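Let me begin by presenting the structure, written as structure tokens, before commenting on it.
Note that the numbering runs from 1 along the sequence shown for the chain. None of these values were measured; they are calculated from a predicted model.
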Amino acid sequence: MRSDEGIRLQKVLAQAGVASRRAAEELIAAGRVSVNGEVVSEFGRRVDPETAVIHVDGVRVVVRADLAYLAFNKPRGVHTTMSDDRGRPCVGDYVRDRRERLFHVGRLDADTEGLLLLTNDGELAHRLMHPSYVVLKTYLAEVGGPVARTVGRRLREGVELEDGPVRVDAFRVVDSAGGKALVEVVLHEGRNHIVRRLLAEVGHPVRKLVRTQIADVRLGNQRPGTLRPLTRAEIGSLFAAVDL
């Protein structure tokens with residue numbers, strides 16, 4: 001790209017919602033902005049928002065206006081597909097009016113509720129789903145109680161399933177009373193029904209399952225069936241989790 005082509009970096013940062021142009025100039029002057037791995041110090045730097053990889057304080061900033069990053073709280077009974085030829089409720093029903101062609105990052109089975117990421121950023125989605133990047137996912141499961149202390153140790157050490165061994169990254173009992181327990185399971189595995197199969201294998205079949213977190217993106221108090229755009233910090237954390 002020639003020096004007179006592209007858009008001034010401070011304008012790109014302002015359009016991305018990072019800061020006003022004046023504040024963006026201060027960020028640049030302080031050496032807090034990099035473009036394609038190179039720290040930028042001059043105000044006249046022009047970039048192509050379609051191709052430039054820009055970081056502020058080490059966190060990647062999305063500058064392309066056509067990219068969308070959404071958190072969806074998938075209700076129980078909704079299938080993780082963008083269309084369903086059998087007419088069943090599906091994720092696509094909730095985004096039909098959006099102009100972007102979105103797709104889901106990973107899956108949740110129909111009986112599982114909770115956090116699902118939707119985007120049209122193919123590279124990020126591919127890396128988030130690839131097991132080599134070890135992206136952690138957190139689930140809350142209601143099971144029969146009480147849950148013995150040995151269960152957590154067994155899950156952390158590894159359980160042999162029909163399609164191979166698997167171990168959780170973390171496990172804890174959140175609450176236990178009246179013959180039921182609420183447990184938190186953290187793992188990076190992405191095999192089908194993995195949480196349900198794991199807990200069934202250790203004698204605690206799942207009664208209800210909710211995914212509450214993917215990497216640093218949390219479901220929080222988002223209502224079932226609703227969408228929200230990810231914050232700039234959340235998007236940056238996802239890029240950092242997969243080395244983008």
Side-chain angles (χ1 to χ4, degrees), residues 1-73 94-95 97-106 115-138 188 212-222 226-244:
M1 187 178 70
R2 299 199 316 267
S3 60
D4 60 343
E5 293 181 332
I7 303 172
R8 286 185 180 271
L9 180 56
Q10 55 265 47
K11 181 178 180 180
V12 171
L13 291 173
Q15 290 175 338
V18 174
S20 67
R21 289 198 198 185
R22 184 181 296 273
E25 289 177 351
E26 294 174 357
L27 292 173
I28 294 168
R32 296 166 61 185
V33 181
S34 67
V35 177
N36 300 331
E38 173 193 355
V39 176
V40 176
S41 57
E42 72 274 12
F43 297 150
R45 177 67 175 270
R46 292 178 179 269
V47 299
D48 181 355
E50 295 297 312
T51 59
V53 177
I54 300 173
H55 288 76
V56 176
D57 293 333
V59 178
R60 184 164 174 181
V61 177
V62 176
V63 294
R64 284 180 52 185
D66 61 323
L67 292 180
Y69 305 86
L70 304 171
F72 177 54
N73 187 350
Y94 293 83
V95 293
D97 295 334
R98 294 190 63 93
R99 57 182 175 80
E100 311 95 347
R101 186 174 180 272
L102 297 166
F103 44 88
H104 48 83
V105 180
L115 181 61
L116 190 67
L117 301 180
L118 302 175
T119 186
N120 55 355
D121 187 334
E123 177 65 16
L124 177 64
H126 170 73
R127 293 199 182 199
L128 287 171
M129 290 186 286
H130 200 285
S132 66
Y133 289 100
V134 194
V135 177
L136 297 179
K137 306 171 188 69
T138 303
H188 63 274
T212 59
Q213 187 171 340
I214 300 173
D216 289 336
V217 180
R218 292 174 171 83
L219 185 63
N221 59 2
Q222 185 176 341
T226 61
L227 292 154
R228 69 169 179 85
L230 297 187
T231 66
R232 188 164 58 85
E234 287 174 327
I235 298 169
S237 73
L238 292 177
F239 280 124
V242 295
D243 299 328
L244 271 176

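Counting all heavy atoms, side chain and backbone alike, Val47 lies closest to Ala52 at CB-CB, 4.1 Å. Closest heavy-atom contact between Asn120 and Leu67: OD1-CA, 3.3 Å. Between Pro49 and Val12, the shortest heavy-atom distance links the atoms CG-CG2, 4.1 Å. Residue Ala16 comes nearest to Val61 through the heavy atom pair CB-CG1, 3.9 Å, listed as atom of the first residue, atom of the second, then distance. Ala71 and Leu115 make their closest contact through CB-CD1, 3.8 Å (heavy atoms, listed as atom of the first residue, atom of the second, distance). Residues Thr226 and Gln222 share a closest heavy-atom pair of O-NE2, 2.7 Å.
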Take Leu9 and Val33, measure what side chain to side chain contact (heavy atoms under 4.5 Å, CB included) needs, and give me the verdict at the end. CA-CA 9 Å; Leu9 180 56; Val33 181; 3.8 Å; yes

Take Leu117 and Leu70 through the test side chain to side chain contact (heavy atoms under 4.5 Å, CB included) and record every step on the way to the result. CA-CA 6 Å; Leu117 301 180; Leu70 304 171; over 6 Å; no

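Residues satisfying the side-chain hydrogen bond (donor to acceptor under 3.5 Å, both in side chains) test with Tyr94, not counting sequence neighbours, are none. Applying the ring-ring contact (aromatic ring centres under 6.0 Å, His included) rule to Phe103 yields no partners; only residues at least two apart in sequence or on another chain are considered. Every residue two or more places apart in sequence or in another chain that forms a side-chain hydrogen bond (donor to acceptor under 3.5 Å, both in side chains) with Arg64 is listed here: Asp66. Applying the side-chain contact (heavy atoms from CB on, under 4.5 Å) test to Ala19 and every residue at least two apart in sequence or in another chain returns Ala23, Leu27. In this structure, the side-chain contact (heavy atoms from CB on, under 4.5 Å) partners of Thr138, at least two apart in sequence or on a different chain, are Glu184, Val186, Thr212, Gln213. When the side-chain hydrogen bond (donor to acceptor under 3.5 Å, both in side chains) test is applied to Glu26, no partner is found at least two apart in sequence or on another chain. Contacts of Asp57 classified as side-chain hydrogen bond (donor to acceptor under 3.5 Å, both in side chains), with partners at least two apart in sequence or in another chain: Arg32. Glu38 pairs by the side-chain contact (heavy atoms from CB on, under 4.5 Å) definition with Arg45, not counting sequence neighbours. Listed by chain and number, the residues in a ring-ring contact (aromatic ring centres under 6.0 Å, His included) with His126 are His130 (sequence neighbours excluded).
Summarising the geometry, atom CG belonging to Leu124 is positioned 9.0 Å from atom CD1 belonging to Ile235; distances are rounded to the nearest 0.5 Å. Leu128 CG to Asp121 CG: the interatomic distance, rounded to the nearest 0.5 Å, is 9.0 Å. Rounding to the nearest 0.5 Å places CD1 of Ile214 at 8.0 Å from CG of Leu238. Note: Asn73 CG to Leu227 CG = 9.5 Å, rounded to the nearest 0.5 Å. Within the model, atoms NE2 of His104 and CG of Leu116 stand 7.0 Å from one another, a figure rounded to the nearest 0.5 Å.
Contacts classified as side chain to side chain donor-acceptor pair (under 3.5 Å) and involving residues 8-21 (residues at least two apart or in different chains) are given here: Gln10-Glu25. Sorted by first and then second residue, the salt bridge (Lys or Arg N to Asp or Glu O under 4.0 Å) pairs involving residues 227-244 (not counting sequence neighbours) are Arg228-Glu234. Each salt bridge (Lys or Arg N to Asp or Glu O under 4.0 Å) pair with one or both residues in residues 123-137, not counting sequence neighbours, appears once here: Glu123-Arg127.
Using a 4.5 Å heavy-atom cutoff, the side chains of Val53 and Val35 are not in contact. Residues Val62 and Tyr69 meet the side-chain proximity criterion, which asks for heavy atoms closer than 4.5 Å.
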